[in-house]
Asker: 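I'd like to ask some things about the structure below.
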Amino acid sequence: MGKTTGFLEYERVEGPVRSEEDRVRDFYEFHEGLKEKDRRQQAARCMDCGVPFCQNGSMISGMMSGCPLHNAVPEINDLVYRGRMAEAYRRLSMTHSFPEFTGRVCPALCEAACTCGLHDEPVSTRANEKDVIEYAFEHGLAIEEKPAVRTGKKVAVIGSGPAGLAAAQLLNRRGHEVTVYERHDRAGGLLRYGIPNMKLDKRVIDRRLSLMEEAGVQFVTGCNVGTDVKASKLKKEYDAVVLACGASNPRDIAAPGRDARGIRFAVDFLSEVTKRLLDSDHKDVPYELAKDKDVIVIGGGDTGNDCVGTVIRLGAKSVVQLEMMPEPPKVRAASNPWPEWPRILKTDYGQEEAIWKFGHDPRVYKTTVKEFIKDKKGNIKEVVTVSLKAEKDAKTGRMNMVPVEGSEKKLFAGLVLIAAGFLGSEKYVTDDFSVETDNRSNVKTDCGSHRASSDKVFTAGDMHLGQSLVVRAIAEGRSCAKEVDEYLMGYSNL
Ligand SMILES: Cc1cc2nc3c(=O)[nH]c(=O)nc-3n(C[C@H](O)[C@H](O)[C@H](O)COP(=O)(O)OP(=O)(O)OC[C@H]3O[C@@H](n4cnc5c(N)ncnc54)[C@H](O)[C@@H]3O)c2cc1C
């Protein structure tokens with residue numbers, strides 16, 4: 001710890017953010033970094049407090065608390081404070097594969113568990129992390145070396161999201177020959193076609209993929225494993241297979257009129273927008289998808305927020321975001337103490353932009369859609385919403401959200417985006433590989449293992465955990481790589 005009184009002297013300061021008015025005109029990132037002096041001051045707030053839940057990464061009350069990668073947060077902050085950025089990068093890269101992704105999109109589990117955050121604002125660890133990795137790229141430190149020796153073993157990684165990429169990176173470093181298969185036209189998983197460009201500029205992914213390719217990782221895009229190439233062939237050709245296909249099965253809304261045109265799953269919509277932007281270098285902005293439309297987003301979570309930010313950029317006339325659950329409290333409830341993940345009201349960038357544009361928060365709580373109404377041509381015209389209340393199930397004792405009779409309302413709708421979560425892995429892949437799944441359709445393994453029920457097959461990321469976070473997918477990919485390496489070599493030095 002460099003500055004013993006840092007947390008008393010300095011307030012938390014965020015980097016500058018482009019104004020709503022400016023940023024909704026394009027799909028580029030809007031968070032900027034701090035100047036070096038200011039960043040060092042921010043790092044000086046970290047007290048190496050001796051109770052570093054920030055780097056703990058364990059489940060508390062069913063939620064991850066602290067960094068699952070176990071980044072040595074106090075050490076890195078200390079090096080940033082001292083201006084020793086190259087060393088900070090070296091320390092960070094011992095535990096992390098892609099700080100440039102989490103530095104932009106992580107909800108910062110480390111900050112939620114920071115001791116400073118108990119009574120005050122937490123240390124700005126995520127922003128410090130982003131500055132460290134950007135420094136490393138600017139100064140030519142972020143390199144991916146070719147392994148000195150090849151082991152002669154071949155590994156196929158199915159899925160190029162953060163889990164697949166992290167597994168591929170480490171297995172390649174170890175000297176195995178790694179091929180990543182991806183069904184989309186570009187690699188990156190939900191980093192590419194899920195998280196919008198304004199949160200994670202896709203050039204940041206390309207920069208990393210180039211390094212990995214130069215180091216020997218091969219990418220086969222546009223190849224749907226289970227359809228274009230079968231599991232039996234891959235299992236013959238490779239010594240191990242890592243399934244990292246994500247939890248891409250979206251939860252639907254079963255309501256009358258669901259077949260109306262203009263009702264779309266959020267990820268399909270977000271992917272189409274990003275693909276059009278990427279294919280045209282941001283010249284072909286697909287305004288027609290939302291311009292002048294009343295948009296209903298079903299789902300109050302992060303994906304829903306990304307939809308709100310996207311349709312505002314596309315010129316939506318109005319946007320309403322429906323959430324089944326009640327509005328969370330503004331501060332931690334007594335039943336949700338530090339260092340648990342705080343279940344509190346968060347107003348994210350899309351909602352901020354909606355407030356700026358329409359003058360009110362787009363979220364409507366304790367509400368869902370009861371019916372979709374079509375016009376004569378079969379296009380969505382309106383939705384009928386219904387309020388919900390919490391009621392205890394007499395048999396199970398669980399609280400359920402049930403409709404309140406007579407609370408129906410009609411809302412205009414020219415576009416409906418379903419962002420209601422995901423139901424786990426897709427059956428055609430798990431069937432083709434003959435791997436068992438659990439009751440949430442995640443690939444089944446022993447606790448603490450990545451080994452699936454079929455010979456040679458391992459799994460990582462959302463396909464294993466269910467829909468989660470980028471940081472957890474990276475941690476999964478890394479630990480899976482270690483297990484695959486042990487399987488192939490009898491031991492692992494990863
Ligand atoms: C809209 C949205 C926004 C999000 N925002 C955030 C955020 O801000 N911060 C955060 O931490 N998390 C966020 N998440 C969650 C995060 O993106 C995921 O938890 C993470 O990407 C999971 O990584 P993964 O590698 O397991 O799977 P994915 O990223 O889903 O990647 C899986 C890849 O496998 C490919 N694939 C699937 N089946 C096959 C097949 N048969 N053959 C070949 N390829 C296949 C898919 O096309 C995909 O590219 C968001 C999720 C969504 C949907």
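Both counts, for ligands and for their atoms, begin at 1 and track the order of listing. Each residue takes its place number in the sequence, starting with 1.
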Asker: Report yes if P162 has an N/O atom closer than 3.5 Å to an N/O atom of ligand 1; otherwise report no.
Answerer: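 Yes, at least one N or O pair falls under 3.5 Å.
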Asker: Note the single closest protein heavy atom to atom 26 (O) of ligand 1, along with its residue, its atom name and the distance in Å.
Answerer: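 Scanning the protein heavy atoms, the shortest distance from atom 26 (O) of ligand 1 goes to D462 N, 2.8 Å.
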Asker: Relative to the ring of F53, is the ring of W338 parallel (under 30°), tilted (30 to 60°) or perpendicular (over 60°)?
Answerer: perpendicular
Asker: Is the distance between the ring centroids of Y349 and H31 under 6.0 Å?
Answerer: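 Ring centres of Y349 and H31 not closer than 6.0 Å.
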Asker: Evaluate V225 for polar contact with ligand 1, using N/O atom pairs at a separation under 3.5 Å.
Answerer: yes
Asker: Do any heavy atoms of C307 fall under 4.0 Å from ligand 1?
Answerer: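 The answer is no, since C307 has no heavy atom less than 4.0 Å from ligand 1.
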Asker: Counting non-hydrogen protein atoms only, what is the nearest one to atom 38 (N) of ligand 1? Give residue, atom name and distance.
Answerer: C245 CB, 3.4 Å
Asker: Number the atoms of ligand 1 from 1 as they appear, then name those within less than 4.0 Å of a heavy atom of T303, with their elements.
Answerer: 1 (C), 2 (C), 52 (C), 53 (C)
Asker: Before signing off on this row, confirm whether N224 and ligand 1 have an N or O atom pair separated by under 3.5 Å.
Answerer: yes
Asker: Mark yes or no for whether H184, through its side chain, and G222, through its backbone, hold a donor-acceptor pair below 3.5 Å.
Answerer: no
Asker: Is a salt bridge present between E352 and R23, judged by a nitrogen-to-oxygen distance below 4.0 Å?
Answerer: yes
Asker: May I ask whether A244 has any heavy atom positioned less than 4.0 angstrom from an atom of ligand 1?
Answerer: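 A244 counts as a contact of ligand 1 under the 4.0 Å cut-off.
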Asker: Whether the side chain of R12 engages the backbone of P122 through a donor-acceptor N/O pair (distance < 3.5 Å, no angle test) should be reported.
Answerer: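 Yes; judged by distance alone, with no hydrogens or angles, the pair exists.
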Asker: Does at least one non-hydrogen atom of D302 fall below 4.0 angstrom from an atom of ligand 1?
Answerer: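 Outside the 4.0 Å threshold, so no.
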Asker: What is the closest protein heavy atom to atom 47 (O) of ligand 1, and at what distance does it sit?
Answerer: E182 OE2, 2.7 Å
Asker: Taking D485 first and then R173, would you say they form a salt bridge - that is, a charged N and a carboxylate O separated by under 4.0 Å?
Answerer: no
Asker: Tell me, which protein residue and heavy-atom name are nearest atom 13 (C) of ligand 1, and how many Å apart are they?
Answerer: I195 CD1, 4.1 Å
Asker: I'd like to know if K199 and D348 make a salt bridge, using a cut-off of under 4.0 Å between side-chain N and carboxylate O.
Answerer: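 Looking at K199 and D348, the cut-off is not met.
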Asker: Please list the nearest protein heavy atom to atom 17 (O) of ligand 1 with its residue and the distance rounded to 0.1 Å.
Answerer: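 Going by distance alone, atom 17 (O) of ligand 1 is nearest to L190 CB, 3.4 Å.
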Asker: Do me a favour and list the nearest non-hydrogen protein atom to atom 53 (C) of ligand 1 with residue, atom name and distance?
Answerer: V267 CG2, 3.6 Å
Asker: Quick one: does L191 get a heavy atom under 4.0 Å from ligand 1?
Answerer: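 It does not, in that no heavy atom of L191 comes within the 4.0 Å cut-off of ligand 1.
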Asker: Using a strict cut-off of less than 4.0 Å between a Lys/Arg side-chain nitrogen and an Asp/Glu carboxylate oxygen, indicate whether E327 and R363 qualify as a salt bridge.
Answerer: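 No, no charged N to carboxylate O under 4.0 Å.
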